[in-house]
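Read through the structure below, which is laid out as structure tokens, and then see the notes.
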Amino acid sequence: MDSTCLPTDDRVASTEQQQRDDEQAHLANPALSAMSETTDTHALHNLSSILSAPARHSTERSLGVVTRPVSSDLPTALRAYLSAHDIPPEIYDVQIPRFFRVHLPGRIVTLEELQRDVGTTAIAPVVWAPGFYSCPAHVRLVDSALYQAGTVLGMDASSSLAVHALSLTPADHVLDLCCAPGAKLVYLAQALHATQSVPFEGTVTGVDVSKDRLAICRSLLKKHKIVNARLFCADGTTFGALAPVWGVAVLNKRTPPLIRQADFSSPRVFHAPQTLRANRPCLGPMALYDKVLVDAECTHDGSVVHILKYREATTGQWRGVGKLWLDDQQLADLESLQRRLLCNGWRLLKPGGVLVYSTCSLSRRQNEAIVEWFLDEALDARPDPIDVPVGLPDACRVEIAGVQDAALRMDPLRSQTSGLFVARLRKIVPDGYVLSTKDF
Ligand SMILES: C[S@@+](CC[C@H](N)C(=O)[O-])C[C@H]1O[C@@H](n2cnc3c(N)ncnc32)[C@H](O)[C@@H]1O
């Protein structure tokens, strides 16, 4: 099957996700289908027109055009899918606010300042996601000066948990194996290197199979002047470029035998800032990644805004949603893709490192079942407790293989966010193993 589960038109491009229509929500916007092989300029131009469009769902609700609950008139195929996967249809009745994140190192942006800038007092901090705020869905962020300056970035608060679960430290080299359109990539890069006036240590390597969607990533990296992230257009199931670790190679110029045997591929870089071009990366176990995020392709059923884009505001008619729901074979292929992405992410993770697997599906088959399968297969994998943010509803906490909080499940009915599943795994360090430059 095609490497993504969405129809080609819908896969073509997504957005910077500046508004609450988070990354998955944008995938289905028909306006995006025009964006093939985008240049950066086109990508950002189209992006702003998309962002200016009000979310249908909220408009419909505020105008009172369709009053019956969405869950009562879901298309048959969608209803059947939800029932087969034990997902409550009522998730589509939840009015999810618009979420955004504020990034301005060195200065505190007060709530009053935000309210003034965005033009509404209806902004509230998200208690369990520092730096994230919510506001009513109809609020336009694109007109705000802070948004235009790149200080305000649209991102669903639930997505923050995939980054939070990695427990980043500033020197981490992070692999983001399904990175486009890039909300988490930008968040990762900024979390590692908040203050651009000081040199960075850690880096982010983003990989995605879709060139069009990577063009959005590249635009975002440029817009936010990110110097510690590079992009590859590659299949995440076989990608093999090591982390851009430099300096260590100077200590020992020999090509380490381990790597010669390991057959890591070296795909051509899609985008790299100057800072990540000058140094030839070294090879060896030191250049495996400290942290890996596998934000896998999925059915996107938890992304409420994305699904509701298929529903006509005025009539409540569903258009094109049938294309989204996969037959049994396609679902099996999708799950196989998820397993292969996870395996390859693991291959590129250092002993002692942390991998986070996430999807915006609420289907157990794409989440817990994938992780449990992997734990059976990989002898060096252990579920690892996530440091659950204070204030997160207890109902979101999930036990995996007897380890409490090894996963979180953001169900819109409980979290009032888009749906998200996130699991954390740690690669155990073999007895007597010392990861040092001696390895080279
Ligand atoms: C859920 S989206 C990722 C969202 C992204 N992490 C973000 O925060 O913006 C899944 C992505 O996986 C990509 N994808 C699908 N199959 C892939 C593969 N075999 N290798 C790499 N990326 C793949 C899709 O193109 C899509 O961009």
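Both ligands and their constituent atoms are indexed starting at 1 by order of listing.
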Under 6.0 Å from the CG atom of D376, do we count more than 12 heavy atoms belonging to anything else shown? yes

With heavy-atom distances below 4.5 Å as the criterion, would you say the side chains of Y357 and L425 are in contact? no

For D172, side-chain hydrogen bond (donor to acceptor under 3.5 Å, both in side chains) partners two or more places apart: T169, K291

For the backbone of D405 and the side chain of E399, can you confirm whether one donor and one acceptor N or O come within less than 3.5 Å of each other? no

If you count the atoms of ligand 1 from 1 in the order shown, which ones are under 4.0 Å from a heavy atom of A183? 7 (C), 8 (O), 9 (O)

Quick check on L177 - does any of its heavy atoms sit under 4.0 Å from an atom of ligand 1? yes

Please confirm whether V207 comes within less than 3.5 Å of ligand 1 when only nitrogen or oxygen atoms on both sides are compared. no

L337 heavy atoms, cut-off 4.0 Å: which ligand 1 atoms fall inside? 16 (N), 19 (N)

Within 45 degrees of the axis of the six-membered ring of F374 and under 6.0 Å from its centre: does K427 put its NZ or CZ there? no

Atom indices of ligand 1, in the order listed, that fall short of 4.0 Å to a heavy atom of D295: 1 (C), 3 (C), 4 (C), 5 (C), 6 (N), 8 (O), 10 (C)

Which bit of R213 gets closer than 4.0 Å to ligand 1, counting heavy atoms only: side chain, backbone, both or neither? side chain

Which of the ligand 1 atoms, numbered from 1, are nearer than 4.0 Å to a heavy atom of A234: 20 (N), 21 (C)

Sub-3.5 Å N/O-N/O distance, A296 and ligand 1: no

Looking only at N/O atoms, are V209 and ligand 1 under 3.5 Å apart anywhere? yes

Is it the side chain (CB and beyond), the backbone, both or neither of L185 that lies under 4.0 Å from ligand 1, heavy atoms counted? neither

For H173 and A243, work out which heavy atoms get closest and say how close. CB-CB, 3.8 Å

Please determine if K184 and D295 form a salt bridge, counting it only when a charged side-chain N lies under 4.0 Å from a carboxylate O. yes

For D235, the atoms of ligand 1 under 4.0 Å from one of its heavy atoms are 18 (C), 19 (N), 20 (N)

Can you find an N/O atom of D208 closer than 3.5 Å to an N/O atom of ligand 1? yes

Could you tell me whether ligand 1 has any atom less than 4.0 Å away from a heavy atom of C298? no

D208 and S210: side-chain hydrogen bond (donor to acceptor under 3.5 Å, both in side chains), yes or no, with the steps? CA-CA 6 Å; D208 204 282; S210 162; 4.7 Å; no

Identify, by atom number and element, the atoms of ligand 1 in contact range of G236, meaning under 4.0 Å from any of its heavy atoms. 18 (C), 19 (N), 20 (N), 21 (C)

Show which atoms of ligand 1 fall inside a sub-4.0 Å distance from at least one heavy-atom site of G182. 7 (C), 9 (O)

Do any N or O atoms from the side chain of H138 and from the backbone of R140 form a donor-acceptor pair under 3.5 angstrom? no

Should the proximity of S159 to ligand 1, defined as any heavy atom under 4.0 Å, be assigned to the side chain, the backbone, both, or neither? neither

Does F132 have any ring-ring contact (aromatic ring centres under 6.0 Å, His included) partners at least two apart in sequence or in another chain, and if so, which? Y187

